[in-house]
Amino acid sequence: MKRVLAGHPSNLTSYGNGPRKGLLLHCSLAHGGVYSHMGAALGGALNLVSFDQPGHGRAGDWDGQGDLQDRVTEMALDLLTEPMDVIGHSFGATVALRLAVDRPEMVRTLTVIAPVMMAIAKADSPKIALDLSRDMVGFYQALQDEQFEVAAQMFTQNYGDGRPWDSLGKETRQAIIDRIHLIGAGGRAVNEDHYDFIGSGAFERIEVPTLILDGCEKGEAMNVVCEGLARRIPNSIRARIANGGHMVPLTRPEAVAREILQMISQSQA
């Protein structure tokens, strides 16, 4: 069940009517309302709320001031009114990890899906990190040159749902092109250990039950990131969903929901 709510932050979406309250943080270039199938599969256990991040969905444009992840984290904290089950996908997963580090008392369980914490790949596997940098250098150059359509195509090839660019509808392609600059705005929190979470051992201090999940994306970078998180977070479960890709909450929503529900049930034992 999905319903759009009014309130602050603006453009809230709620999924489910379960007894446990949860916060769902969406990926870049999407919005809080795209997780209907996963939300329905979780609806008996969780009452999830999600919000559109700046520049996404029905939210206002990103003003370019400050750091995008800082802003999204502040918006998330407005909704963490009590200990909640926090679920983050891709960029949203980096925010979820930050919440678990900075406000552990407000995170009951943590689920990170395809977390783009690529600084871990740099720390754990320099070769994989170098390969990733080579794959992405053209993307960041296209952003710098304001060749947004080229950048959108390159990004979608690596982090889309598996569909070729030309198969996407015209409106979908244009929406990605219009928002692709937001990937650059959040790049520091993704590619660098900007908040010293890795260097300081902050992830090792996360105590809440944690699910680390990916959809078996092509290449090794995401697996390296997830394995690195699993080694660092003591009370963690590592899961992989075959043929899910980076957008596994959309391509395999029921399978993702089963993993989350199993982790939650184990945390109650």
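Residue Q53 comes nearest to L25 through the heavy atom pair NE2-C, 4.5 Å, listed as atom of the first residue, atom of the second, then distance. Of all heavy-atom pairs between T156 and A152, the closest is OG1-O, 2.7 Å. Taking all atoms of both residues into account, the shortest heavy-atom contact from I180 to L143 is O-CD2, 3.8 Å. Contact record, G138 with M154: C-CE, 3.5 Å, taken as the closest heavy-atom pair. Here the closest non-hydrogen pair linking L182 and P54 is CD1-O, 3.9 Å. Closest non-hydrogen pair, V72 versus F91, comes out as CG2-CE2, 4.2 Å.
Residue-environment remark: CD (E192) exceeds the threshold of 12 foreign heavy atoms within 6.0 Å. The local environment of NE2 in H37 is sparse, with at most 12 non-hydrogen atoms from other residues, nucleotides or ligands closer than 6.0 Å. No more than 12 heavy atoms of other residues, nucleotides or ligands shown are found within 6.0 angstrom of CG on N243. Crowding of E171 atom CD: a count of heavy atoms from other residues, nucleotides or ligands under 6.0 Å not exceeding 12.
The side-chain contact (heavy atoms from CB on, under 4.5 Å) search around A123 returns I198, R232, not counting sequence neighbours. K127 pairs by the salt bridge (charged side-chain N to carboxylate O under 4.0 Å, His left out) definition with D131, not counting sequence neighbours. Evaluation of the side-chain contact (heavy atoms from CB on, under 4.5 Å) rule for A121 yields V224, V225 as partners, not counting sequence neighbours.
In this structure, SG in C27 is found 7.0 Å from CG in L250, a value given to the nearest 0.5 Å. In this structure, the separation between CG on L99 and CG on L110 is 8.5 Å, given to the nearest 0.5 Å. Remark: E207 CD to R205 CZ distance equals 10.5 Å, nearest 0.5 Å. Atom CG in L29 sits 12.0 Å away from atom OG1 in T172 (nearest 0.5 Å). The CZ atom of R58 sits 5.0 Å away from atom OG1 of T13, with the distance rounded to the nearest 0.5 Å. Rounding to the nearest 0.5 Å places CE of M222 at 11.5 Å from CD1 of I113.
Side chain of K21 to main chain of P83: no donor-acceptor pair is present (N/O by atom type, distance under 3.5 Å, no hydrogens or angles). E149 places no side-chain N or O within donor-acceptor distance of the main-chain N or O of I177, the cut-off being under 3.5 Å. Using modelled atom types, one side-chain atom of D214 and one backbone atom of C216 make a donor-acceptor pair closer than 3.5 Å. The backbone N or O of V208 sits less than 3.5 Å from a side-chain atom of T210, completing a donor-acceptor pair. Of the possible donor and acceptor atoms, one in the side chain of D52 sits under 3.5 Å from a partner among the backbone N and O of G32. Between the side chain of R179 and the main chain of G55, a donor-acceptor pair closer than 3.5 Å is present. Between the side chain of S50 and the main chain of L24, a donor-acceptor pair closer than 3.5 Å is present. Between the S236 side chain and the I233 main chain, a donor and an acceptor come within less than 3.5 Å of each other.
Only one option out of E220, K122, M118 pairs with I128 in a side-chain contact (heavy atoms from CB on, under 4.5 Å); it is E220.
Using a 4.5 Å heavy-atom cutoff, the side chains of M136 and Q141 are not in contact. Between R103 and L77 there is a side-chain heavy-atom pair separated by less than 4.5 Å. Counting heavy atoms from C-beta outward, I120 and E227 have side chains that stay 4.5 Å or more apart. When side chains are defined from C-beta on, I260 counts as touching L211, because their heavy atoms get closer than 4.5 Å. Taking the side chain as every heavy atom from C-beta outward, N47 and Y15 never approach each other to under 4.5 Å. At a threshold of 4.5 Å between non-hydrogen side-chain atoms, the residues V256 and L42 do not count as touching. Between T111 and M263, some side-chain heavy-atom pair lies under the 4.5 Å cut-off. Side-chain contact between C226 and R238: present, with at least one pair of heavy atoms (C-beta onward) separated by less than 4.5 Å.
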Going through the checks in order, is the side chain to side chain contact (heavy atoms under 4.5 Å, CB included) test met by M117 and V190?
CA-CA 5 Å; M117 187 64 70; V190 169; over 6 Å; no
Step by step, would you call R258 with L261 a side chain to side chain contact (heavy atoms under 4.5 Å, CB included)?
CA-CA 5 Å; R258 282 195 297 271; L261 292 172; 5.8 Å; no
As a quick check of understanding, evaluate side chain to side chain contact (heavy atoms under 4.5 Å, CB included) for W62 and L68, giving each step before the final call.
CA-CA 8 Å; W62 168 239; L68 181 60; 3.7 Å; yes
Applying side chain to side chain contact (heavy atoms under 4.5 Å, CB included) to V101 and I206, what does each step give before you reach the verdict?
CA-CA 6 Å; V101 169; I206 295 176; 4.0 Å; yes
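Within the structure, no pair that satisfies the side-chain hydrogen bond (donor to acceptor under 3.5 Å, both in side chains) test touches residues 248-257, not counting sequence neighbours. A side-chain hydrogen bond (donor to acceptor under 3.5 Å, both in side chains) check over residues 83-97, counting only residues at least two apart or in different chains, returns the pairs R20-D85, Y35-H89, Q69-T94, D85-R108, D85-T109, S90-H246. Listed by first and then second residue, the ring pair (Phe, Tyr, Trp, His ring centres under 6.0 Å) pairs that reach into residues 101-154 are F139-F155, sequence neighbours excluded.
The side-chain tip of R98 does not point at the ring of F197 from less than 6.0 angstrom away and within 45° of straight on.
D124 and R231 are joined by a salt bridge, as a carboxylate oxygen and a charged side-chain nitrogen come within less than 4.0 angstrom of each other. The residues D63 and R71 are annotated as salt-bridged, a charged nitrogen and a carboxylate oxygen being separated by less than 4.0 angstrom.
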